[in-house]
Number of protein chains: 2
Amino acid sequence: MPEQTAGSRPTLEAVAARAGVSRATASRVVNGGAGVRPPLVDKVRRAVEELGYVPNHAARTLVTRRNGAIAVIIAEPEFRVFSDPFFEQQVRGISRELIAYDAQLVLLWVEGPGDHGRIARYLGGGHVDGALAFSLHHDDELPSVIRRARVPAVFGGRPFLPGGDGEPRVPYVDADNRGGAREAVRRLVSLGRTRIAHIAGPRDQTSALDRIAGYHDVLLDADPELIRQGDFTAESGARAMAELLEHRPDVDAVFAGNDLMASGALRVLRESGRRVPQDVALVGFDDMRTVVEAVDPPLTTVRQDIEGMGRLMVRLLMRVLDDHGANGSRTGSPASVITPTTLVVRASA
Amino acid sequence: MPEQTAGSRPTLEAVAARAGVSRATASRVVNGGAGVRPPLVDKVRRAVEELGYVPNHAARTLVTRRNGAIAVIIAEPEFRVFSDPFFEQQVRGISRELIAYDAQLVLLWVEGPGDHGRIARYLGGGHVDGALAFSLHHDDELPSVIRRARVPAVFGGRPFLPGGDGEPRVPYVDADNRGGAREAVRRLVSLGRTRIAHIAGPRDQTSALDRIAGYHDVLLDADPELIRQGDFTAESGARAMAELLEHRPDVDAVFAGNDLMASGALRVLRESGRRVPQDVALVGFDDMRTVVEAVDPPLTTVRQDIEGMGRLMVRLLMRVLDDHGANGSRTGSPASVITPTTLVVRASA
DNA sequence: ATGAAAGCGCTAACAG
DNA sequence: CTGTTAGCGCTTTCAT
């Protein structure tokens, strides 16, 4: 343990003095040591060690204009933040990747539109180098708030693009919802099913929309009766399944917009005396552990690499930041990233 | 929307110039405006408005030595267990209170002992003014890591005090686990029950220990056979209840260390053909919504104000910080806070 | 390859 | 009450 006087911590000046070099050289060593002769590098390193020197972040930020911190914006209504496994995994990915970049995670918790002013002020105040936010509902104003703050940002999940005209596109990271949905439906088709229904997620979320699109990609002329609206909860899945059974009792397969709705549908299916997968095959989406394996039969579903998406959000943001730094103005909006999904076959289809 | 040139943001200098005052006066106004004549205050305020001035945080920190940021340290293993409302509510309370103090929340995610070095470096690096952490298992090293970093910290939940000798006591905020347990057991006594069992939480967590102590406070000479070990999971509650029924089939009341264990016990109780509360009365702890109301009969339990505890952690930390600032050295370790619990009577007891 | 010196934007004595 | 003047600790030209 390096000793350290109670009040003030050693400065670069002290390190330089101890190593018998100038502050400039000490600085160079601390920042990688490029272009400094090995013997001096060693001397400085040793001084740093002995003094227990840690760079003063504020001083460094003041001159470099880099904070080494990025904001993660969490909108309360949307997520039961830490209890939602989805969200937890994403934040874990972000946190891990940020550590690799030696950047800090500043959590901005938004409880409602009333907080937008505060968020805008903070973001605009140059406290963080960039922001990470999550795709929300169609009518959420947060994206505009972030954009107006002129802080480089990356979204998790494809955002609804406001206006749509000359607006700068925000880069985002999303799973291949559409492709995943196609795979799910194709699986059902390959099983010989011909009356394949879809229990859709809420229309104001792009992930739900994209999954619906994927369904239609495969089933070009699907009977509208076979498509039912849910809201991503198990309850809504059960309700949708009940409707389905009423209007199209001949249904022989269901692609649910997520695992939760699939679990609700499964319950109703069994209550109606149907066997899964024999009578009705069922595929979900998300591969949410707690649901997928707790259910009988275990659910065939589409997996997305959620933690990986979190990591990618960080990488993408860092690239945007580098562009900013390099030539002053953007090199053009960086491409968004769509991560692949994989079909996980279990017993339900 | 105040205009703003792309690259650099306006400085205090610019504000001062525009308002026709010195930088010092502008600074005074920005920081509350005490001791500045109203007309000047107005002028400066207007200039700030027109220029869209936002103080540079780094520059301010550099001179004041205050970051306006506090770290919230989350230890991964723990976090999973608490993946329920508990943790989320606490962080929400912290976040809300921090906003009131205009401080930022820096999230430090600890995945294991391997991260201790990084955490120590960060904390020791003066990036944050203080830290908030949560009470962990007996053998967790995090508390020592934090203490060694010499950063003012407050714990959520009474920590195991290491060493125990001249070590500085860390202030903490905790619910009155012992008192709550007493209330729970007294309720059972008041119902005329005479063979009251306790399903205890893990012995390496102070909350579990305190609840056991509360049980003993009321039942001074309880039969050791009536106390069974669980680990705060529903499964362990079921197991403990089964053992209980085997050794003491005459049991007529159970105080479970938390609601999850109570729910497991309830299931076993009913499988054994006993009626709750008629044959066996049951009280839980935590008042965890999702469990307490989902269960039949609804659980009588002990409620703690979790969000409030989060807020108190922040207030306590701020007080510690003020003490530090005021006279250079601590005024003495600030008192910890124990928040009251309340018995919530439902149908199970 | 190294050092000297000029700030980054702000606050806090200290004068006036 | 207001302005002047030093820095806070660090990076970064610019000379050498």
Side-chain angles (χ1 to χ4, degrees), chain A residues 4-5 7-45 47-48 51-69 102 124-127 129 325-326, chain B residues 4-5 7-45 47-48 51-69 102 124-127 129 325-326:
Chain A
Q4 184 177 302
T5 337
S8 57
R9 297 149 19 62
T11 73
L12 194 57
E13 182 76 52
V15 173
R18 176 150 195 145
V21 301
S22 74
R23 216 165 62 222
T25 298
S27 174
R28 290 184 186 108
V29 173
V30 169
N31 293 291
V36 178
R37 264 180 314 171
L40 282 195
V41 172
D42 271 11
K43 266 191 186 168
V44 174
R45 291 250 161 84
V48 164
L51 261 31
Y53 169 78
V54 183
N56 179 313
H57 197 242
R60 182 177 277 178
T61 295
L62 187 55
V63 38
T64 61
R65 273 116 198 305
R66 283 256 172 154
N67 284 82
D102 202 42
H127 298 245
D129 298 330
Chain B
Q4 184 178 303
T5 337
S8 56
R9 296 146 28 58
T11 73
L12 194 56
E13 184 75 52
V15 173
R18 177 150 193 145
V21 300
S22 75
R23 216 166 61 222
T25 297
S27 174
R28 289 184 186 109
V29 174
V30 169
N31 292 292
V36 178
R37 264 181 315 170
L40 282 194
V41 172
D42 272 11
K43 265 190 185 167
V44 175
R45 290 249 161 86
V48 165
L51 261 31
Y53 170 78
V54 183
N56 179 312
H57 196 245
R60 184 177 275 177
T61 296
L62 187 55
V63 38
T64 62
R65 275 111 198 305
R66 282 254 172 159
N67 281 83
D102 204 41
H127 298 247
D129 298 330

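A, B, ... follow the sequence lines: proteins, then strands. Residue 1 opens every chain. These values consider heavy atoms only, across backbone and side chains, with no hydrogens, waters or symmetry-generated copies.
A 4.5 Å side-chain heavy-atom check between B:Arg60 and B:Asn31 finds at least one atom pair inside the cut-off. At a threshold of 4.5 Å between non-hydrogen side-chain atoms, the residues B:Val15 and B:Val44 count as touching.
On a pure distance criterion of 3.5 Å, no polar donor-acceptor pair joins the side chain of B:Arg23 and the base of D:dT4. Between the side chain of A:Arg65 and the base of C:dG9, no donor-acceptor pair of N or O atoms lies under 3.5 Å.
In this structure, the nucleotide among D:dT2, C:dG9, D:dT11 sitting nearest to the side chain of B:Val36 is D:dT2. Here D:dC1 is the nucleotide among C:dG7, D:dC1, D:dG3 with the atom lying nearest to any side-chain atom of B:Arg37. Comparing C:dT2, D:dG9, D:dT2 against the side chain of A:Thr25 picks out C:dT2 as the nearest. Of the candidates D:dT11, D:dG9, C:dA4, C:dA4 carries the atom nearest the A:Arg28 side chain, counting heavy atoms from C-beta on. Closest to the side chain of B:Asn56, out of C:dG3, D:dT11, C:dC10, is C:dC10.
A donor-acceptor pair is defined here as one N or O able to donate and one able to accept, closer than 3.5 Å; such a pair exists between the side chain of B:Arg9 and the backbone of A:Gly124. The backbone N or O of A:Asn67 lies less than 3.5 Å from a partner atom in the side chain of A:Asp129, making a donor-acceptor pair.
Rounded to an integer number of Å, the gap from OH of B:Tyr53 to C1' of C:dT11 is 10 Å. For the pair A:Glu13 CD and D:dC8 P, the interatomic distance rounds to 10 Å; values are reported in whole Å. Atom CG in A:Asn31 sits roughly 16 Å away from atom P in C:dT2 (whole-Å rounding). D:dC10 atom P lies 12 Å from atom CG of A:Leu62, rounded to whole Å. For the pair A:Arg60 CZ and D:dT11 P, the interatomic distance rounds to 4 Å; values are reported in whole Å.
Put simply, A:Ser22 has a side-chain N or O that comes within less than 4.0 Å of OP1 or OP2 on C:dG3.
Heavy atoms of B:Val21 sit under 4.0 angstrom from primed sugar atoms or phosphate atoms, though from no base atom.
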